[in-house]
2 protein chains.
Amino acid sequence: MTYTYDYPKPSVTVDCVVFGLDAEHDLKIMLIQRGVEPFKGEWALPGGFVKLDESLEAAAFRELKEETGVEEIFLEQLYTFGTPDRDPRDRVITVAYYALINLSDHPIHAQTDAEDVAWYSIQELPKLAFDHDQIIAAASERIKGKLRYEPIGFELLPKKFTLTQLQKLYEQVLGMQLDKRNFRRKILKMDLLIKLDEMQTGVAHRAARLYSFNEGKYQELKRAGFNFEL
Amino acid sequence: MTYTYDYPKPSVTVDCVVFGLDAEHDLKIMLIQRGVEPFKGEWALPGGFVKLDESLEAAAFRELKEETGVEEIFLEQLYTFGTPDRDPRDRVITVAYYALINLSDHPIHAQTDAEDVAWYSIQELPKLAFDHDQIIAAASERIKGKLRYEPIGFELLPKKFTLTQLQKLYEQVLGMQLDKRNFRRKILKMDLLIKLDEMQTGVAHRAARLYSFNEGKYQELKRAGFNFEL
DNA sequence: ACAAAAGTGTTTAGTCTACACCCATGC
DNA sequence: GCATGGGTGTAGACTAAACACTTTTGT
């Protein structure tokens with residue numbers, strides 16, 4: 001007995017809130033200008049319909065790659081939005097994901113002529129299609145809460161970074177100033193950073209030491225019951 | 001121009017992981033025995049198809065009421081499960097919710113003859129339909145993580161409770177022993193409990209003082225930047 | 001030599017942890 | 001009177017917060 005359920009079905013899409021840090025340590029979100037109706041010409045999150053034979057996460061990765069060329073980035077499910085009237089034409093449920101990317105390693109560009117890709121500061125978002133403003137608000141809350149308890153901030157930085165870059169990132173996302181000495185002492189005491197034999201170059205002042213995140217050691221400590229907290 | 005999107009569509013369901021504390025301070029999950037195919041006769045989470053004109057949360061509340069008679073309980077979205085083969089017959093995406101309930105205030109009973117409702121301890125679950133074991137695992141993780149940082153534990157207790165009941169709940173969910181004096185000092189210092197002029201009755205030892213949770217004050221403190229943490 | 005950011009310790013207040021005994025009640 | 005859980009304080013270890021100057025480098 002194989003049949004398909006005969007209930008009327010909603011459409012299901014995935015949408016991605018992609019965060020990136022620009023050169024001035026500003027947290028930005030990637031938006032695309034829609035080339036098709038509805039909301040043609042307005043800004044929206046990258047996303048699209050889930051195919052019947054792909055997982056939700058696979059759909060999110062696929063859409064990101066198709067629309068922005070981005071691959072191999074940190075991606076996690078955020079929340080599922082399903083108010084009946086969130087799409088003007090049809091019942092559409094969207095499973096939202098959020099992604100973290102470091103801009104220096106991932107150049108972004110529109111993949112189709114009909115769409116444009118741009119980075120917008122969270123404080124200065126344009127008018128958005130659908131309920132994408134709500135999705136972005138939820139994603140901002142999530143990243144803010146998560147940054148304290150999981151080492152996800154490193155996803156936003158280049159592989160080699162300075163302690164000041166890391167601190168600026170935390171200050172930016174958490175929206176508060178942090179004490180330099182206390183911040184350094186705390187993060188270094190966790191012993192999750194690898195002190196590299198390499199310095200910053202091309203700066204007009206004393207060059208800072210570069211560090212990288214020890215992902216393997218973190219996984220090991222986590223299994224042993226360690227909790228990252230900053 | 002009104003048309004509906006013409007992609008092939010998955011089915012969308014909601015499933016609910018309902019947690020309750022029994023009289024022995026054991027954390028249990030409510031399961032129903034399926035009366036229909038697929039997995040007829042096996043145990044599963046209460047849930048069902050989302051109607052086209054209702055929100056996801058409304059669907060979860062409706063299914064809970066229809067299948068178990070439960071109303072007005074704490075309910076929050078958990079995660080959306082969408083592996084292509086999680087339902088043997090059709091592509092079904094399920095938006096999972098978790099709920100917290102206090103058993104003394106909410107008697108539970110099957111609403112249809114074809115289905116049976118029962119409470120199972122998390123440690124002794126029966127074989128489950130679909131991927132409901134994974135959904136339950138995710139819900140257990142969530143509640144464990146959330147209990148520390150949000151006052152959701154009170155949803156599992158009667159409105160009036162003793163400090164020992166509260167402590168036992170935390171010990172049960174977190175899976176660790178807590179020190180009685182430290183626990184009491186910490187929770188009382190937050191000043192979120194109302195000390196009632198009422199004592200426990202019907203116990204064969206010194207009666208404990210009853211307390212209730214001050215929800216209004218919590219909301220107020222939260223707005224002012226206070227973070228619950230235990 | 002100066003501008004700009006890197007790097008580095010100490011003191012103080014507050015919080016967390018471990019720990020043991022008397023109290024009230026019902027049987 | 002005894003069994004059962006209720007209720008209470010303190011000392012020592014640790015953690016968090018506040019705070020300012022010297023060093024290095026490029027221009």
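- Taking Q172(B) as the reference, D26(B), L27(B) meet the side-chain contact (heavy atoms from CB on, under 4.5 Å) condition, with sequence neighbours excluded.
- The environment of Q219(B) atom CD is dense: over 12 non-hydrogen atoms of other residues, nucleotides or ligands sit within 6.0 angstrom.
- Partners of K186(B) according to the salt bridge (charged side-chain N to carboxylate O under 4.0 Å, His left out) rule, which considers only residues two or more places apart in sequence or in another chain, do not exist here.
- At a threshold of 4.0 angstrom between heavy atoms, the contacts of R184(A) include nucleobase atoms, whether or not backbone atoms are also involved.
- Listed by chain and residue number, nothing satisfies the ring-ring contact (aromatic ring centres under 6.0 Å, His included) test with Y218(A) (two or more places apart in sequence, or in another chain).
- Between M30(B) and V117(B) the shortest side-chain heavy-atom distance falls below 4.5 Å.
- L188(B) places its CG atom 12 Å from the P atom of dG9(D), with the value rounded to the nearest Å.
- Using a 4.0 Å cut-off between charged side-chain N and carboxylate O, E42(B) and R34(B) make no salt bridge.
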What donor-acceptor contacts under 3.5 angstrom involve side-chain atoms of residues 134-142 of chain B, with partners at least two apart or in another chain?
residue	atom	partner	partner atom	Å
S140(B)	OG	I136(B)	O	3.0
R142(B)	NH1	Q77(B)	O	3.4
R142(B)	NH2	L78(B)	O	2.6

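- Of the residues in residues 160-169 of chain A, not one comes within less than 4.0 Å of DNA chain D through any heavy atom.
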Could you write out each protein N or O paired with an N or O of nucleotides 13-15 of chain D at a distance under 3.5 Å?
none

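- Among pairs with a residue in residues 150-176 of chain B, those fulfilling salt bridge (charged side-chain N to carboxylate O under 4.0 Å, His left out) read D105(B)-K159(B), K160(B)-E198(B), at least two apart in sequence or across chains.
- Donor-acceptor pairing under 3.5 Å, judged by distance alone, is present between the side chain of R185(B) and the base of dT10(D).
- Both A207(A) and R209(B) lie near DNA chain D, and the one whose nearest nucleotide falls closer to the 5' end is R209(B).
- Counting only heavy atoms from C-beta outward, the side chains of Y97(A) and L64(A) never approach each other to under 4.5 Å.
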Give the C-alpha distance, both sets of side-chain angles, the deciding distance and a yes or no for side-chain hydrogen bond (donor to acceptor under 3.5 Å, both in side chains) between S55(A) and E57(A).
CA-CA 5 Å; S55(A) 71; E57(A) 188 173 286; over 6 Å; no
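- Applying the side-chain contact (heavy atoms from CB on, under 4.5 Å) test to K195(B) and every residue at least two apart in sequence or in another chain returns R209(B), Y211(B).
- Checked against ring-ring contact (aromatic ring centres under 6.0 Å, His included), Y149(A) has the following partners two or more places apart in sequence or in another chain: Y149(B).
- In the region residues 193-206 of chain B, proximity to DNA chain D at under 4.0 angstrom, judged on heavy atoms, holds for H205(B), R206(B).
- At a non-hydrogen distance threshold of 4.0 Å, K180(B), R181(B) from residues 171-183 of chain B come into contact with DNA chain D.
- One can place CD1 of I187(B) at 16 Å from C1' of dC16(C), the figure rounded to the nearest angstrom.
- T83(B) meets the side-chain hydrogen bond (donor to acceptor under 3.5 Å, both in side chains) test with no other residue; sequence neighbours excluded.
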